[in-house]
Amino acid sequence: MAQKPSTPKGTRDFGPGQMSRRNYIFSTIRRVFEKYGYQPIETPAMENLSSLLGKYGEEGDKLLFKVLNSGDYLSKADAELLADKDSLKLSTQITEKGLRYDLTVPFARYVVQHRDEITFPFKRYQMQPVWRADRPQKGRYREFYQCDVDVIGSDSLLNEVDLIRMIDEVFENLQINVVVKLNNRKILSGIAQAIGAPEQMTEITVAMDKLDKIGDEAVYAELRERGISGESIELLKPVLKLEGNNEERLAELEKLIGETEDGAKGLQEVRTILSYLEAFDLKTVLEIDQSLARGLNYYTGAIIEVKAADVQIGSICGGGRYDNLTGIFGWPGVSGVGVSFGADRIYDVLTELELFPQATESFTRVLITNFGEEETPFALQVLRQLQHAGIASELYPETAKLKKQMKYADNKNIPFVVLIGEEERLSGKPTLKNMHSGEQLNVSIDEMIRRIHQ
RNA sequence: GUGGAUGUAGCUCAGUUGGUUAGAGCACUGGAUUGUGGUUCCAGGGGUCGUGGGUUCAAGUCCCAUCUUCCACCCCA
């Protein structure tokens with residue numbers, strides 16, 4: 001047997017059936033984005049590595065797909081590094097492009113590069129694949145689609161309100177029950193300050209983020225491992241143990257971190273967002289979660305994460321505010337806020353919950369059979385009239401056995417078959433068969449069109 | 001990057017303590033039905049058992065390596 005064909009690790013093909021379901025997700029999301037006034041952009045699959053490296057932390061750099069330079073790239077490489085097999089240093093000489101890791105960094109690059117053409121605040125959405133050299137597993141792929149919405153150039157918390165409302169609307173339309181978790185980077189930094197470890201905020205948040213997954217004892221252990229003092233851990237315990245509804249949590253947090261500058265600011269931001277949202281009748285549960293951190297360390301304000309309530313698959317949407325994202329491309333002080341919907345995970349959730357609407361694999365409504373050259377001119381004429389009447393139709397291209405042509409229609413779920421053989425050609429009246437009822441009639445073309453339209 | 005499982009027909013999977021021509025269902029092709037699908041019946045094609053090496057008189061089966069896919073960890077959508 002020839003070599004078994006396959007797609008690269010962690011990548012997938014999408015057949016017609018999957019595409020119709022995927023497009024259902026994309027069009028649902030796009031409709032909401034556009035309703036709120038966001039405009040689409042696209043950026044290349046590849047970015048310069050200099051734009052990508054260092055933006056996602058050390059872990060992120062390892063997960064970047066690098067594209068080898070074209071041509072005789074080794075001839076330009078340093079002979080000594082080659083001999084040493086020093087991949088890390090060598091890579092800077094043989095590759096200068098990489099596949100994008102997310103849509104936010106390319107967006108920041110886009111904004112800086114095109115700032116003269118953009119009207120701010122700039123509200124954009126972008127739905128494209130991204131690539132990560134991660135080891136694939138459930139709900140995790142090496143190529144997957146993100147649907148990003150961001151607004152850049154506005155500090156207003158009204159943007160956060162916008163985003164949360166869009167999240168609510170998208171998942172309501174998709175009929176997925178979700179929990180929206182909300183936190184604020186300033187609350188996290190307030191916590192770090194309040195427990196006397198302001199320099200170790202990253203270590204603290206990374207450990208704290210695992211709270212609901214590994215439990216409090218394991219979090220304490222990890223904190224110790226990461227070099228947090230026992231004293232600080234003791235102070236942190238009441239923060240981790242926070243319970244109750246949003247009001248109660250905020251009140252508790254006020255007591256614990258209200259004295260710190262960042263903490264007070266963060267709490268106020270969260271309160272403002274919540275109070276704006278009171279005017280809306282949100283369908284989803286909005287939950288303050290002081291342990292929510294998320295990986296990307298460029299967040300500076302709100303942190304948002306969405307989890308499916310009925311499926312265990314990790315987060316299906318997430319994002320937050322970043323005050324200085326464009327700074328890395330030389331334009332400091334521009335604030336942005338946005339979220340990203342994970343289309344592939346949403347697909348998996350909808351599949352598991354059987355929430356996809358009845359998908360029609362084919363759009364074709366009529367198949368015209370092919371009996372041979374004699375009948376072809378009349379068949380083409382019928383095809384033209386059907387299509388002219390706005391009916392998706394196709395003529396079977398081969399003069400195959402009728403059984404095979406019928407089976408083709410059946411497999412593609414085509415509801416009508418028009419038989420055109422010698423009889424029909426001579427009378428000028430095609431035979432219309434309803435595949436569902438099996439009913440079959442010899443009618444004029446006009447009558448046929450009328451019946452199909454019913 | 002660490003650990004665990006997996007791989008047999010296009011697909012989903014059987015295959016006994018190692019034993020002679022490796023099976024089933026679905027799909028495909030032909031026929032029962034020369035102008036009729038979805039139901040039924042009959043027949044047929046299709047496999048160097050992931051790859052490479054080893055043990056053995058004998059390997060789909062046992063051992064080693066390697067790759068693939070899946071699962072968990074790390075991290076993340």
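Lettering follows sequence order; numbering is per chain, from 1.
The separation of B:C73 from B:C26, taken at their P atoms, amounts to 39 Å, rounded to a whole angstrom. Separation of the C1' atoms belonging to B:A59 and B:A22 is 13 Å when rounded to the nearest angstrom. Comparing the C1' positions of B:U55 and B:G18 gives a spacing of 12 Å, expressed to the nearest Å. Comparing the P positions of B:G35 and B:C42 gives an interatomic distance of 26 Å, to the nearest angstrom. Only the P atoms considered, B:U21 is 15 Å distant from B:A58, to the nearest whole Å. Taking the P atom of each, B:C71 and B:U6 are spaced 15 Å apart, rounded to whole Å. Taking atom P on both B:G53 and B:C49, the two are 13 Å apart, rounded to the nearest angstrom. B:A14 and B:U2 are spaced 34 Å apart, taking the C1' atom of each and rounding to whole Å.
When rounded to the nearest whole Å, the span between CG of A:D102 and P of B:A77 equals 8 Å. Remark: C1' of B:A77 and NZ of A:K181 are 16 Å apart, rounded to the nearest angstrom. Taking atom NZ of A:K62 as the reference point, atom P of B:C76 lies 12 Å away to the nearest angstrom. Atom P of nucleotide B:A77 and atom CD of A:Q128 are separated by 17 Å, given to the nearest angstrom. Between A:Y101 atom OH and B:C75 atom C1' there is a gap of 7 Å when expressed in whole angstrom units. When the P atom of B:A77 is taken as reference, atom CD1 of A:I304 falls 13 Å away, rounded to whole Å. Atom CG of A:N413 is separated from atom P of B:G38 by 14 Å (rounded to the nearest Å). When rounded to the nearest whole Å, the span between CD1 of A:I414 and C1' of B:U36 equals 15 Å.
A cation-pi geometry, defined here as NZ or CZ lying under 6.0 Å from the six-membered ring centre and within 45° of its normal, holds between A:R21 and A:F356. Because its NZ or CZ atom is not both nearer than 6.0 Å to the ring centre of A:F171 and within 45° of the ring axis, A:K307 does not count as a cation-pi partner of that residue. Relative to the ring axis of A:Y141, A:R12 places its NZ or CZ within 45° and under 6.0 Å from the centre. Because its NZ or CZ atom is not both nearer than 6.0 Å to the ring centre of A:F144 and within 45° of the ring axis, A:R132 does not count as a cation-pi partner of that residue. For the pair A:R451 and A:F416, the NZ or CZ position fails the cation-pi test of under 6.0 Å to the six-membered ring centre and within 45 degrees of the ring normal. In this structure, A:K123 fails the cation-pi test against A:Y36, since its NZ or CZ atom is not both closer than 6.0 Å to the six-membered ring centre and inside 45 degrees of the ring normal. No cation-pi contact links A:R30 to A:Y125, judged by a cut-off of 6.0 Å to the six-membered ring centre and 45° from its axis.
For residues 429-454 of chain A, there are no ring-ring contact (aromatic ring centres under 6.0 Å, His included) pairs, not counting sequence neighbours.
Using a 4.0 Å heavy-atom distance criterion, A:L402 is classed as a base contact. Here A:Q440 lies in heavy-atom contact (under 4.0 Å) with a base. No engagement by A:E222 is indicated, since no non-hydrogen atom pair under 4.0 Å with the nucleic acid exists. Using a 4.0 Å heavy-atom criterion, one finds that A:V130 contacts no nucleic acid atom at all. A:G60 comes within contact range of no nucleotide atom at all, as no heavy-atom separation falls under 4.0 Å. If you check every strand for non-hydrogen atoms under 4.0 Å, A:S315 touches sugar and phosphate atoms only.
At a non-hydrogen distance threshold of 4.0 Å, nothing from residues 378-387 of chain A comes into contact with RNA chain B.
A:R345 places a side-chain N or O within 3.5 Å of a backbone atom of A:S315 that can act as its donor or acceptor partner. Judged by distance alone, with hydrogens and angles left aside, the side-chain atoms of A:K35 form no donor-acceptor pair with the main-chain N or O of A:F33 at under 3.5 Å.
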Next item on the list: Could you walk me through whether A:T104 and A:D148 pass side chain to side chain donor-acceptor pair (under 3.5 Å), step by step?
Entry: CA-CA 8 Å; A:T104 310; A:D148 272 34; 3.3 Å; yes
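Picking from B:A77, B:G35, B:G31 the nucleotide with the shortest atom distance to the side chain of A:K401 gives B:G31. Distance from the side chain of A:L419 is smallest to B:G35 among B:G37, B:C75, B:G35.
Note that the CD1 atom of A:I187 and the CD1 atom of A:I288 stand 7.0 Å from one another [nearest 0.5 Å].
Ring-to-base geometry places A:F144 in a stacked arrangement with B:A77 (centre distance under 5.5 Å, plane angle under 30°).
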Which atom pairs link the protein and nucleotides 40-44 of chain B when you take only N or O atoms and keep those under 3.5 Å?
none

Between protein and nucleotides 67-73 of chain B, what N or O pairs are separated by less than 3.5 Å?
residue, atom, partner, partner atom, Å
B:U69, OP1, A:K9, N, 3.3
B:C71, OP2, A:K138, N, 2.6
B:A72, OP2, A:Q137, OE1, 3.0

Table of protein N/O atoms under 3.5 Å from nucleotides 26-29 of chain B N/O atoms:
none

Notebook entry, point to check: Tell me, what's RNA chain B's dot-bracket, Watson-Crick or G-U with both distances under 3.5 Å, | for other-strand, [ ] crossing?
Noted result: (((((.(..((((.....[...)))).(((((.......))))).....(((((..]....)))))).)))))....
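Summarising the local packing, CD of A:Q440 is surrounded by more than 12 heavy atoms from other residues, nucleotides or ligands at distances under 6.0 Å. By the neighbour-count criterion of 12 heavy atoms within 6.0 Å, atom NZ of A:K404 is sparsely surrounded, having that number or fewer from other residues, nucleotides or ligands. Heavy-atom neighbours of A:Q39 CD from other residues, nucleotides or ligands within 6.0 Å: at or below the threshold of 12.
Sequence order on RNA chain B of the closest nucleotides to A:F341 and A:G438 puts A:G438 first from the 5' end.
Within 3.5 Å, a donor on the side chain of A:D410 pairs with an acceptor on the base of B:G37, or the reverse. Remark: the A:E375 side chain and the B:G35 base include no donor-acceptor N/O pair separated by less than 3.5 Å.
In this structure, A:K210 reaches the B:C75 phosphate: one of its side-chain N or O atoms is under 4.0 Å from OP1 or OP2. At B:C76, none of the side-chain N or O atoms of A:K307 fall inside 4.0 Å of OP1 or OP2 (strictly under the cut-off).
A salt bridge between A:K412 and A:E394 is present, with a side-chain N of the basic residue lying under 4.0 Å from a carboxylate O of the acidic one. A salt bridge does not link A:R185 to A:D262: none of the charged nitrogens lies less than 4.0 Å from a carboxylate oxygen.
Residues A:Y299 and A:N184 have side chains that never bring a donor and an acceptor to within less than 3.5 angstrom of each other. Counting only N and O atoms by type, the side chains of A:R249 and A:Q290 include a donor and acceptor under 3.5 Å apart.
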